[in-house]
Amino acid sequence: MLTEAATCAAVIGLDVGKLSHWACHVTRQGEVLRNEPVANTEHDLDGLFAQAEAGTLVVVDQVRNIGSLAISRARLAGLPVAYLPGIAAHGAAKLFAGDAKTDERDAAVIAKTALGIPDSLLPVPKHDERLEAARSMAAQGSHMAACSTRDKNRLRSILLESCPEFEALADLADPHWLRMMESLGGPWGIVDAGKAAVGAVTRGANRARIDAAVAAAASSARPSEYRVMAENPQVKVLARRIRESAEEAARLDAEITALLAGDETYACLLTIPGIGPRTASELVISIDIGDFPDHDHLASYCGIAPRNRRSGKSISSVSSSRQGNKRLKNLLIFSCNSLSRSKGRFGDYYRSCRERGMCHGEALKAVARKRLKVIYAIMRDKVPYSA
């Protein structure tokens, strides 16, 4: 993609929007061929791309939702497509005269940055129906996880105001607890329901912890009946939502796994220590390995390449980068937790990092960077991992 940006004769910068995009068509010599809004419809976008000469690079500032139609029509017209991240576009805008924030100026910034600084561009994953379906389900899974986190935080807030001892013992990851609160309500609704009702909805659960929580609520000062009356319906709704989100996320994970079961790269990634179905599927649907000439470029894209700081005679320091694909970054780093206690090459490397004075988080990032070299080679060659 960087080669295409460096050699293209012209660039169409698109500041994408819901109803229309602002298109800035600029040649490498700086001549502006077109600078006007274009409706977000197939007919208008096809007309824009039909007027561009072969090899013109189309650069967007969003690759999902409102930018998806522009990308698909540009590819259908045979034009290469690239993506300028928002943080890069925001930084580049400071290099241009003026400080207005308009669609016209943003489109010009996108186009001229692509011409002048091709290294700032990122590849747009190639269209594949199977992978597009997996991406859609992964996005829905992320949405369900965010909804579940929000609902859990709200539920814990209600329980803390009602009975802190009960909240401390509540396990919102346990379906038995969720079923109990969905059926009976908050701590006072559970106490009022009685031991038999609690036992009926928590069969197979860790009863010692549940009994301790119920006993803690029963021995605490009971709030007013107005409070209890307002609390129980809220707890029931939130518990149901958390349960449904967990079930939907599990269903989506199973469908993604089934969809990618026949993918050779996916199967090879599962052989790498610490890589499970979720991380492997995210790597497959987010990365086209052909867009990265080496593992350093992939590390930069994933946000786990270190950032060096040095000026003149000042002491050089290394810190973690805040750029890149944050979802991939978190998956790659947190999946290394299981390697910290292993006996393989990555576990040994983790312990050597700790011995050199790194904290746990720094050592995990170092292991993730080292393991990414293996991930790159396996995705490139499509061969299973061998220690």
Side-chain angles (χ1 to χ4, degrees), residues 123 125-145 148 173 246-305 324-351 353 360-361 363-387:
K126 290 184 173 59
H127 184 76
D128 182 293
E129 293 295 344
R130 178 175 52 83
L131 294 183
E132 285 298 322
R135 283 192 194 99
S136 177
M137 288 188 286
Q140 179 67 7
S142 298
H143 172 71
M144 299 310 299
S148 178
E247 291 174 354
E248 177 67 5
R251 183 189 67 80
L252 289 168
D253 286 342
E255 289 191 6
I256 292 173
T257 300
L259 193 62
L260 298 177
D263 188 276
E264 187 177 4
T265 303
Y266 176 78
C268 292
L269 285 172
L270 290 176
T271 65
I272 303 175
I275 298 291
R278 179 170 297 178
T279 304
S281 63
E282 193 67 29
L283 287 168
V284 170
I285 66 181
S286 300
I287 294 173
D288 184 349
I289 202 64
D291 291 326
F292 302 94
D294 52 48
H295 59 78
D296 290 327
H297 285 81
L298 180 58
S300 179
Y301 174 74
C302 295
I304 59 175
N325 187 316
K326 290 182 174 55
R327 178 171 173 79
L328 276 179
K329 178 181 180 178
N330 291 335
L331 282 172
L332 289 169
I333 292 175
F334 293 141
S335 64
C336 289
N337 271 306
S338 61
L339 301 176
S340 61
R341 298 177 296 276
S342 66
K343 297 181 180 180
R345 60 188 292 191
F346 298 117
D348 294 340
Y349 184 68
Y350 170 83
R351 285 183 285 275
C353 289
H360 174 69
L364 282 185
K365 292 175 183 177
V367 173
R369 178 66 184 91
K370 186 178 184 67
R371 190 181 61 174
L372 191 64
K373 297 180 181 179
V374 176
I375 292 173
Y376 176 82
I378 285 178
M379 294 187 72
R380 179 195 60 199
D381 301 333
K382 296 185 180 179
V383 294
Y385 171 80
S386 59

Sequence neighbours left out, what pairs pass ring-ring contact (aromatic ring centres under 6.0 Å, His included) with at least one residue falling in residues 274-295? Phe292-Tyr301
For Cys268 and Pro384, which heavy atoms make the closest approach, and how far apart are they? SG-N, 3.8 Å
Kindly compute the distance separating CD1 (Ile375) from NZ (Lys370), expressed to the nearest 0.5 Å. 13.0 Å
Can Arg345 and Asp348 be counted as an ion pair, charged N to O under 4.0 angstrom? no
Under 4.0 Å between a Lys/Arg side-chain N and an Asp/Glu carboxylate O for Glu282 and Arg278? no
Do the side chains of Ile287 and Cys302 get nearer than 4.5 Å, heavy atoms only? yes
Assess the side chains of Asp291 and His297: does a donor N or O sit below 3.5 Å from an acceptor N or O? no
Arg380 atom CZ: more than 12 heavy-atom contacts under 6.0 Å: yes
To check you understand the geometry: which heavy-atom pair defines the closest contact between Ser338 and Gly274, and what is its length? OG-CA, 3.9 Å
Side-chain donor or acceptor of Thr271 paired with backbone N/O of Ala267 under 3.5 Å: no
Residue pairs passing the salt bridge (Lys or Arg N to Asp or Glu O under 4.0 Å) test with at least one member in residues 261-277, sequence neighbours excluded, are Arg130-Asp263
Quick one: pull up CG in Leu372 and OG in Ser300 and give me the separation to the nearest 0.5 Å. 11.0 Å
With Leu260, the side chain to side chain contact (heavy atoms under 4.5 Å, CB included) member among Thr265, Leu270, Leu131: Leu131
Interatomic spacing from OG in Ser340 to NE2 in His360 - rounded to 0.5 Å: 5.5 Å
Between atom CG of Leu339 and atom OH of Tyr350, what is the distance when rounded to the nearest 0.5 Å? 10.5 Å
Ser286 versus Arg327, side-chain donor and acceptor atoms under 3.5 Å: no
Sorted by chain and number, sequence neighbours left out, side-chain contact (heavy atoms from CB on, under 4.5 Å) with Thr257 holds for Tyr266, Pro277
Nearest heavy-atom neighbours spanning Met379 and Leu283: CE-O, 3.8 Å
I'd like to check Pro273 versus Tyr385 (side-chain heavy atoms, cut-off strictly below 4.5 Å). Are they in contact? yes
Value rounded to 0.5 Å, distance of NZ in Lys326 from CG in Leu331: 14.0 Å
Which atom names give the shortest non-hydrogen contact between Cys336 and Leu364, and what distance separates them? O-CD2, 3.5 Å
Would you name the heavy atoms of Ile285 and Ala138 that are closest together and state the gap between them? CD1-CB, 3.6 Å
Is Ile289 close to Leu298 at the side-chain level, that is, under 4.5 Å between some pair of heavy atoms? yes
Distance in Å, Ile272 CD1 paired with Ser386 OG, rounded so as to fall on 0.5 Å steps: 10.5 Å
If I compare all heavy atoms of Thr279 with all of Leu332, which pair ends up nearest, and what's the gap? CG2-CD2, 4.4 Å
Taking 4.0 angstrom as the limit, do Arg369 and Asp296 come out as a salt bridge? yes
